[in-house]
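Shown next, in structure tokens, is the structure this report addresses.
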Amino acid sequence: MHRRLTVATLAVLLAPALAPTGAGAAPPPEAFRNPRLPMAVRVDDLVARLTLDEKISLLHQYQPAIPRLGIGLFKAGTEALHGVAWSNDYHDNGNVVTAPATQYPQAIGLASTWDPALLDRVGSAVGDEARGLHASNPDVFGLNLWAPVVNPLRDPRWGRNEEGYSEDPWLTGQLAVAYAGGLSGHDPLYLKTAPTLKHYLAYNNEAHRDTASASVPPRVLHEYDETAFRIPLQAGAATGVMPSYNLVNGRPNTVSPDLDAIRDWSRYPLFNPSDAGAPGNLTGSEHYFATQAEADAAAVKAGLNSFTQDNTNPDATVAAIRTALDQGLLTVADIDDAVKQNLWLRFRLGEFDPGGGPFGRVTPSVADNQRLARQSVAESAVLLKNSGVLPLRPGGKVAVVGPLADTVYSDWYGGAAPYAVTPREGIAERSQVAFSEGVDRIALRQAGTGRYVVGDSGLLAATGASATAGAQYDVFDWGAGIVTLRNAANGKTVGYNWSGFAADQAQPNGWFVQQQFKLEPRPDGNVVLRYAGYESAFDWAPSYRNPYVVVQPDGTLNLGAATADTATEFTREVISSGVDAAAAAAKGADAAVVVVGSMPFINGREDHDRTDLELAAGQEAIVRAVKAANPNTVVVVENSYPTALNWEQANAPALLWTSHAGQETGHGLADVLYGDRNPAGRLTQTWYRTADGLPSIMDYDIIGSGRTYQYSTVDPLYPMGYGLSYTTFHYGRVQLSAPAMDDRGTVQVTLDVTNTGTRAGDEVVQLYTHQQQSRVPQPVKALRGFQRVHLEAGQTKRVTFSLAATDLRFWDVTRDRWVVEDATHDILVGASSADIRATAQLRVRGDTIPPRDLRSVRAANFDAYSGTTLVDESKTSGTAVAATGAGQWLRYAGADVRGGTFTARTAGPGTTLQVRLDDPVHGRLLATVNLPATADVYTYADVSARLPRVSGRHDVYLVFGGSARLSTFSLR
């Protein structure tokens, strides 16, 4: 049930403001419009004026106008991850409207600046533009912004890696405070815009994302996944969370009781909107509830405030909630509570204040935003390697080559930038440029007729007598066999339009990315064309059964073959070799800059994970050829995720990484390449040498699987926090303000950092800790602080971090609470998680965790497990443990065992449960308990067994004989 929002607890404080002006005087009419009244009073006043039908209508994403009260339409949700991106048109069935707005580097790029002040400025500028767009079209561009994404980047293969900040939850939280704080405007009460944190919770896989369940043990849940959300909510930077599509521990996040529980993290009521279509998934793909009335009632009770369902049509949502009320699944008080939380957002946005409140007249500054975008590109670039090639000297001749050298790609959450400066254009302002994209130009000739495939106007058709420009295509390799084809005559990319193929797209785009192909070789040396648009995975798509291209009787190309053997064969004629052209451009130049990387709509994005970390083979071939032709080769990798650059690291003289960085990409890169800005970007996640050996993307237990820099012992290609500079830095000795502190104390960690080089530059000084002794596995390192420090050549600055004992806490599963353990901690300061330059030791006088008390234990609070998963105890609350086969076990370590009686609450088809000491196979068997069959997995039975008397501290193992659920147990 929601935490009730009333003004009763404020009565004493608010009495003077609420006192009548005369005997019997009533509050003025429409008190909700009076900004002199406390906001809680204004919200209550408005809710009291609404009819029940009006209240229910406000629970849909599109809150309709209420003319009788002079209230306009309110639309929840405008995308704004790295600039205002897009929203939906209320008057056009919710179709997407792309925002004309400044586009900054992707979120992963902004994070790589390690500069919260910069992210705050970017967030503020984005908020200004959102205000401007809202003023011009409030029905489309709402002020509830769905950003930032704060899911920690647990796995580099996650398709949405570009949307997040870091694999470290604390760093993620700090950067979210900055960006969301800028969006919200830093007023103690009012909001410039209302940022919503995405996506709550434990969401890092796109495959089956609406049906897959993340099994998240309590320590991981509290220490890792929740942390990134808790920090910005406690800081007041965000106004709510969007529950993710997936399930956590067996329960859909759309009905997670956390949606209500996390309200304790915020000083203001939270507004929690669903993800698009997620309420329908509860009865659809998830089959969690039998009726939509049950589903919507559960969501409201769990803490959802806004249903993003059925585009602009609220009818089904309204009907379901009405039915839930009629069936007693919801009460009017439940509706009132959800609506009050909902309306707090609108009041804080100034909607009911004269002039729209303090941010009502905000306007964006276009020129300032351009400068800020350029600075963001430069600050986010990460120098991975430099053997003296960089910085480049202005003038001379520079070869600029590669498939990303003369383009700026947008992504799914990018808007319409007013302009875009490509890497080639940015470099051309400093030097003479020789250019080649380094891609093959080919012609496709139908093997049977000898006719060429022409595509510069209309549908592609095998009707050409010769390989004219209209019959030539540039082939861009994006890895895993996927290519895109761009027509040489009109410069447009070929895509499928449901009736055939046409070269009419500026870049790969759309939800299904219908510009993807594979050129598959045949035994006779010809090729067939396989269409690979993402809709091919669905059985309703024409390409599901017939993905191969055939030539129709009229010569046009279309889908029509189920196999390569029945597809039309083409001769692939190479008009010009991309590798040869790239090498030719590089030969004789003073330096060569090769720009390679990803296409954001293809290489991992929402709904599509990656399976490897490799650079496309065709792109690596370009790099190798250019390096062979020019020893002064700089490789610029422009993508959204860690890449296995093993050959490049070993052989390329210089490597520079950037995200897809928006409209000022070319200027910002040139600023770094030519040394106008000394690179100081740092990686915010581990770059591995290969995906081989990584745990399954579905393994969310970062502790048990040894995942992320905190627990991994793998030697990475580049560690968390890594990045180089054109200068060098020396770290002095670490000094602590005290050698020890208690569990409520704070120490200052201080050291001097000196720029020992000849150039001014920024150093990102990073503070990590490691706990030496503990009852539980502790991180190898954990980030506790960072500062981006600017130093002139030869300058020394003193850097100070404040480290609180509470920063060192972890979740104690034995007592289900946070604990600061009595231990010595290594204080580690350096330039990355692997480059520690100065150390010290700190004694923390904390708690000693006592032996486990097994008199009342939630099964989910285990110390270790094998084979089991975490599941929903009931559909409303609680977590249980599920076993699916014999021999799966749970361990409860260091328990004070006295024997006596074992009791447990279990559900399932019936099996056995062994109670053993110290080993799950050979340990002493205390009892074998018969677990009865129950009606279903949510119906529990209590079982018990007598145990022999034992004494001492032991690890207690519960070993399952088959499928079962265990909720709680006790050993008395």
Inset, instruction - Would you verify whether the NZ or CZ of Arg154 falls within 45 degrees of the ring axis of Tyr700 while also being under 6.0 Å from that six-membered ring's centre? - result: yes
For residues 290-299, please give each side-chain donor-acceptor pair under 3.5 Å, one per line with the distance, not counting sequence neighbours.
| from | atom 1 | to | atom 2 | distance (Å) |
| --- | --- | --- | --- | --- |
| Thr291 | OG1 | Glu294 | N | 3.2 |
| Thr291 | OG1 | Glu294 | OE2 | 3.0 |
| Gln292 | OE1 | Thr283 | OG1 | 2.6 |
| Gln292 | NE2 | Pro279 | O | 2.9 |
| Gln292 | NE2 | Asp296 | OD1 | 2.9 |
| Glu294 | OE2 | Thr291 | N | 3.2 |

Legend entry - Shortest non-hydrogen separation from Val47 to Val339 and the atoms involved: CG2-CG1, 4.3 Å
Legend entry - Spacing of Leu197 atom CG and Ile231 atom CD1 [to the nearest 0.5 Å]: 11.0 Å
Inset, instruction - Could you walk me through whether Phe271 and Trp146 pass ring pair (Phe, Tyr, Trp, His ring centres under 6.0 Å), step by step? - result: CA-CA 11 Å; Phe271 173 80; Trp146 288 353; 8.8 Å; no
Inset, instruction - Indicate yes or no: at least one non-hydrogen side-chain atom of Pro252 is less than 4.5 angstrom from one of Leu282. - result: yes
Legend entry - Tyr534 ring center near Trp412 ring center (under 6.0 Å): no
Legend entry - Distance, nearest 0.5 Å, that separates OH of Tyr268 from CH2 of Trp344: 6.5 Å
Inset, instruction - Could you go through the salt bridge (charged side-chain N to carboxylate O under 4.0 Å, His left out) check for Arg49 and Glu54 one step at a time? - result: CA-CA 10 Å; Arg49 295 173 187 273; Glu54 289 169 342; over 6 Å; no
Inset, instruction - Evaluate side-chain contact (heavy atoms from CB on, under 4.5 Å) for Tyr245 paired with Asn281, printing each intermediate quantity in order. - result: CA-CA 8 Å; Tyr245 285 120; Asn281 291 344; 3.6 Å; yes
Inset, instruction - Report the C-alpha distance between Tyr413 and His82 in whole Å, list the side-chain angles of each, state the deciding distance to 0.1 Å, and finish with yes or no for ring pair (Phe, Tyr, Trp, His ring centres under 6.0 Å). - result: CA-CA 8 Å; Tyr413 287 102; His82 53 106; 8.6 Å; no
Legend entry - Criterion salt bridge (charged side-chain N to carboxylate O under 4.0 Å, His left out) on Lys198 and Glu79, from CA distance to verdict: CA-CA 11 Å; Lys198 300 196 295 185; Glu79 302 292 353; 3.1 Å; yes
Legend entry - Validation row: Phe141, Ser87 side chains within 4.5 angstrom (heavy atoms): yes
Legend entry - Distance, nearest 0.5 Å, that separates CG of Asp128 from CZ of Arg131: 9.5 Å
Inset, instruction - For the pair Asp260 (side chain) and Gly303 (backbone), establish whether a donor and an acceptor sit closer than 3.5 Å, ignoring hydrogens and angles. - result: no
Legend entry - Pair Asp53 + Arg322, salt bridge at N-O below 4.0 Å: yes
Inset, instruction - For the pair Arg251 and Glu873, find out whether any cationic side-chain nitrogen is under 4.0 Å from an anionic carboxylate oxygen. - result: no
Legend entry - Flag, side chain of Asn342 to backbone of Asn305, donor-acceptor distance under 3.5 Å: yes
Legend entry - Face-on cation placement of Arg605 at Trp511 ring, 6.0 Å and 45° thresholds: yes
Legend entry - Side-chain (Ser274) to main-chain (Phe307) donor-acceptor, under 3.5 angstrom: no
Legend entry - Basic-acidic side-chain contact under 4.0 Å: Asp872, Lys875: no
Legend entry - Closest contact, heavy atoms only, Thr172 versus Val150: CG2-O, 3.4 Å
Inset, instruction - Take Val216 and Asn249, measure what side-chain contact (heavy atoms from CB on, under 4.5 Å) needs, and give me the verdict at the end. - result: CA-CA 6 Å; Val216 189; Asn249 297 341; 4.1 Å; yes
Legend entry - Residue pair Ala147 / Ala80: nearest heavy atoms and the distance that separates them: CB-O, 3.4 Å
Legend entry - Lys NZ or Arg CZ of Arg346 over Phe352 ring: under 6.0 Å, within 45°: no
Legend entry - Shortest non-hydrogen contact between Pro195 and Ala180, atoms and distance: CG-O, 3.5 Å
Inset, instruction - Please say whether the positively charged group of Lys75, taken as NZ for Lys or CZ for Arg, lies over the ring of Tyr90, i.e. under 6.0 angstrom from the six-membered ring centre and within 45 degrees of the axis. - result: no
Legend entry - Nearest-0.5 Å distance, CG of residue Asp89 to CG of residue Asn95: 7.5 Å
Legend entry - Side chain Asn311, main chain Asn313, donor-acceptor under 3.5 Å: no
Legend entry - Minimum-distance pair of heavy atoms, taken over all atoms of Asn205 and Ala212: ND2-CB, 3.8 Å
Inset, instruction - Check for a donor-acceptor pair, side chain of Thr78 on one end and backbone N or O of Leu143 on the other, with a separation under 3.5 Å. - result: no
Inset, instruction - Kindly indicate, with the supporting measurements, whether the criterion ring pair (Phe, Tyr, Trp, His ring centres under 6.0 Å) is fulfilled by Trp158 and Tyr203. - result: CA-CA 9 Å; Trp158 184 34; Tyr203 166 48; 5.4 Å; yes
Legend entry - Minimum heavy-atom distance between Pro257 and Ser877, given as atom pair plus value: CG-CA, 4.3 Å
Legend entry - Sidechain-backbone polar pair: Gln61 side chain, Ala76 backbone, donor-acceptor under 3.5 Å: yes
Inset, instruction - Keeping the roles fixed (side chain from Ser213, backbone from Gly250), state whether a donor-acceptor pair exists under 3.5 Å. - result: yes
Inset, instruction - I would like to know whether Asp353 and Arg42 meet salt bridge (charged side-chain N to carboxylate O under 4.0 Å, His left out); could you show each step before the answer? - result: CA-CA 11 Å; Asp353 282 35; Arg42 298 173 66 192; 2.7 Å; yes
Legend entry - Any donor-acceptor N/O pair, Asn144 side chain to Ala194 backbone, under 3.5 Å: yes
